[in-house]
Amino acid sequence: MMARLLVLLALMLGLAVLGGLLAGWPGALGGAVAAAVVLILRDSTRLIRLQAWLRRLQLAQMDEMADILAHQEPPRGGMVGEVADRFARLLKLYLRGRQDSQLRLQEMLSAIQASPNGVILLDPEGRIEWCNSTAAQHLGLDAARDLKQYVANLIRDPAFHAYNAAGDFSAEVLVAGRASTPVRPVRLSLQLHPYGEGRRLLLSRDVTLIEQAEAMRRDFVANVSHEMRTPLTVLAGFVETMQTLDLSPQETRRYLDLMSVQSERMQTLVSDLLTLSRLEGSPLPGMSDWVDVRVLMAQCELDARALSSYMGRIEHTMKFEQDQASQLCGIASELQSAFSNLVSNAVRYTPASGRIEVSWRLLEDGRGEFSVSDTGPGISAEHLPRLTERFYRVDRSRSRETGGTGLGLAIVKHVLQRHGAVLNIQSEVGQGSRFAILVPAARVRSGLPEDQLKAA
Ligand code: ADP
């Protein structure tokens, strides 16, 4: 700046001296004035150019400013040039900072966009400023169309209105999702979180599965309690009778027998519950342990004949057959439990003189099929899809009479799922039923185990 002033003074002095030499003092004055006019004119043109450049910047959009700075240079030279240059540098710094923060904002919004939860940003009046696609899908919003709309007008669930009006956002509120139907209910958890100056963040979470699991847990506990309470009540009644009445030895014997039936029933229930919880908690079966199907079939036959004679149904006709020596890959105890459960159901539900056929065969596609057919009462079609649910019974009293817990087929289903196998049920009321386990080809091989081959 100082240097420029010195140049200006030197120019005026130079021209004044030149003017003085040529035309005396009027010449010196004229020279000084001429120098000043030249300099003023030069700076004025620079100022006009600077003004035009600033106006272009002022009228430009944010993203065009960088383009103007890069391609349309501000006036150079003199004090005006220096001011313009400093201003351009400051503007560049500002634009770079702004670009950086916009980039960060975009990255943050993309992260929120990827969230499995719905996020809606609300302004202090409760209007939507931004929402991610999950929130749009949960609540049936359109991220572009519904911008600046009042969220209370878009979420019409009365529970949300009450929650919003109450102003206590310490807990969540449950509402029906937009895609909810009576057959496929969708439950959403919504919670408002105040932030900034009067703004709010609305989070939505799909809790349908959690709610279903919670309902299942409640049903399960209620069912188990109910199943336990019945034999316990009977037992307590007998104990009280024996304590208060003077019973004959025969009566005592009869009561003890009845009590033993009830305690056996509780034992079976507890044992089935433990089996289920073990199945849920243990690691999946590997692909290295092979079980001889003959061993499984032999145990089924032993159990079935023992159960049949225990139930006084020695008239049951039973047939066990296996088309060829085979092995199954999996956990022997689990596979045995699944096979035996189907056989014991057939024995329990088939009336005396009925026929039960158990067979193992290899299918053409490499899978193995274990099937149990009976000439029992059969099951009507509407019950079939629910048979493997815990505690689901077609005929409650018939199941209890025969010592059923309502957990047998649930155990079968669990074991099969763990081994990649499926249960196929065919049944006709009055004709009988056929329960078949289809084991995937990867878990079946024909032939005897190696140690038995060597011995043969
Ligand atoms: P449960 O202990 O009551 O037998 P399961 O889970 O083994 O329980 O079977 C569920 C229901 O399926 C039974 O209560 C019974 O009504 C029906 N069921 C199962 N197997 C047969 C069968 N072979 N014949 C007729 N009904 C059957």
Side-chain angles (χ1 to χ4, degrees), residues 216 219-220 222-224 226-228 230-231 261-262 264-280 300-301 303-308 310-311 313 315-320 334-359 369-418 421-437:
M216 270 170 69
D219 284 356
F220 184 68
N223 276 323
V224 171
H226 178 76
E227 295 290 331
M228 289 293 226
T230 317
V261 170
Q262 295 306 323
E264 234 173 70
R265 194 173 142 190
M266 285 206 300
Q267 261 173 345
T268 321
L269 179 65
V270 171
S271 138
D272 277 359
L273 286 171
L274 283 174
T275 307
L276 266 178
S277 94
R278 260 197 301 271
L279 284 173
E280 278 171 352
C300 283
E301 185 164 357
D303 292 347
R305 295 200 188 281
L307 183 64
S308 177
Y310 174 74
M311 294 176 69
R313 307 246 170 98
E315 301 96 332
H316 272 148
T317 312
M318 289 193 219
K319 192 167 140 198
F320 287 80
E334 291 186 13
L335 292 168
Q336 184 69 67
S337 147
F339 283 21
S340 292
N341 256 307
L342 294 188
V343 178
S344 87
N345 275 357
V347 175
R348 284 169 43 231
Y349 292 107
T350 306
S353 81
R355 185 177 168 77
I356 295 163
E357 283 181 16
V358 181
S359 84
E369 186 196 60
F370 173 80
S371 68
V372 182
S373 309
D374 65 50
T375 55
I379 306 158
S380 61
E382 77 265 21
H383 295 292
L384 296 183
R386 299 197 58 190
L387 282 189
T388 55
E389 283 176 25
R390 292 167 187 198
F391 298 113
Y392 189 85
R393 289 145 161 144
V394 178
D395 182 343
R396 198 160 278 273
S397 59
R398 180 94 193 82
S399 159
R400 290 234 175 87
E401 253 170 51
T402 57
T405 59
L407 294 174
L409 290 181
I411 292 175
V412 173
K413 182 180 143 191
H414 239 293
V415 170
L416 299 193
Q417 269 176 352
R418 285 163 58 76
V422 287
L423 180 65
N424 188 345
I425 311 173
Q426 291 167 325
S427 192
E428 215 171 302
V429 178
Q431 299 295 310
S433 312
R434 182 177 190 271
F435 287 75
I437 292 175

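All ligand and atom numbering here is 1-based and tracks the order in the structure.
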Against heavy atoms of [X], which atoms of ligand 1 measure under 4.0 Å?
{"X": "R348", "value": "1 (P), 2 (O), 4 (O)"}
{"X": "G404", "value": "2 (O)"}
{"X": "T405", "value": "2 (O)"}
{"X": "R393", "value": "3 (O), 14 (O)"}
{"X": "G408", "value": "5 (P), 6 (O), 7 (O)"}
{"X": "Y392", "value": "10 (C), 11 (C)"}

Could you tell me if the side chain of [Y] sits less than 4.5 Å from the side chain of [X], heavy atoms only?
{"X": "R265", "Y": "R400", "result": "yes"}
{"X": "V343", "Y": "D303", "result": "no"}
{"X": "N424", "Y": "E369", "result": "no"}
{"X": "F370", "Y": "C300", "result": "yes"}
{"X": "V347", "Y": "T402", "result": "no"}
{"X": "L276", "Y": "H414", "result": "yes"}

Counting only nitrogen or oxygen atoms and a 3.5 angstrom limit, does [X] reach ligand 1?
{"X": "L409", "answer": "yes"}
{"X": "G406", "answer": "yes"}
{"X": "V394", "answer": "yes"}

Inset, instruction - Verify side chain to side chain contact (heavy atoms under 4.5 Å, CB included) between L269 and M228, making sure each step is shown before the conclusion. - result: CA-CA 8 Å; L269 179 65; M228 289 293 226; 3.7 Å; yes
Inset, instruction - Determine, for E401 against R393, whether the closest basic-nitrogen to carboxylate-oxygen distance falls under 4.0 angstrom. - result: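 Result for this pair is no, no salt bridge flagged.
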Quick one: look up the protein heavy atom nearest [atom] and list residue, atom name and how far away it is.
{"atom": "atom 23 (N) of ligand 1", "value": "D374 OD2, 2.9 Å"}
{"atom": "atom 24 (N) of ligand 1", "value": "Y349 CB, 3.6 Å"}
{"atom": "atom 3 (O) of ligand 1", "value": "S399 OG, 2.6 Å"}
{"atom": "atom 7 (O) of ligand 1", "value": "N345 ND2, 2.9 Å"}

Legend entry - I411 CD1 to T275 OG1 distance, which is reported to the nearest 0.5 Å: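 With rounding to 0.5 Å, CD1 (I411) is 4.5 Å from OG1 (T275).
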Inset, instruction - Would you please classify the geometry between the F391 ring and the F220 ring as parallel, tilted or perpendicular, with 30° and 60° separating the classes? - result: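 Geometry flag for F391 against F220: tilted rings.
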Inset, instruction - Return yes when R398 approaches ligand 1 closer than 4.0 angstrom through a heavy atom, no otherwise. - result: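 No.
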Inset, instruction - Give a yes/no verdict on whether any heavy atom in S433 is under 4.0 Å from an atom of ligand 1. - result: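 Flag set, S433 near ligand 1.
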Legend entry - Residue portion contacting ligand 1 (non-hydrogen atoms closer than 4.0 Å) for D395: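 It is the backbone that touches ligand 1; the side chain stays farther off.
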Inset, instruction - Under 4.0 Å, heavy atoms only, figure out whether ligand 1 is touched by the backbone of F435, its side chain, both or neither. - result: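 For F435, the contact with ligand 1 is made by the side chain alone.
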Inset, instruction - Verify side chain to side chain contact (heavy atoms under 4.5 Å, CB included) between L423 and L342, making sure each step is shown before the conclusion. - result: CA-CA 10 Å; L423 180 65; L342 294 188; 4.1 Å; yes
Legend entry - Option of least heavy-atom distance to atom 12 (O) of ligand 1 (set: L387, L269, I356, T350):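 Heavy atom nearest to atom 12 (O) of ligand 1 belongs to L387.
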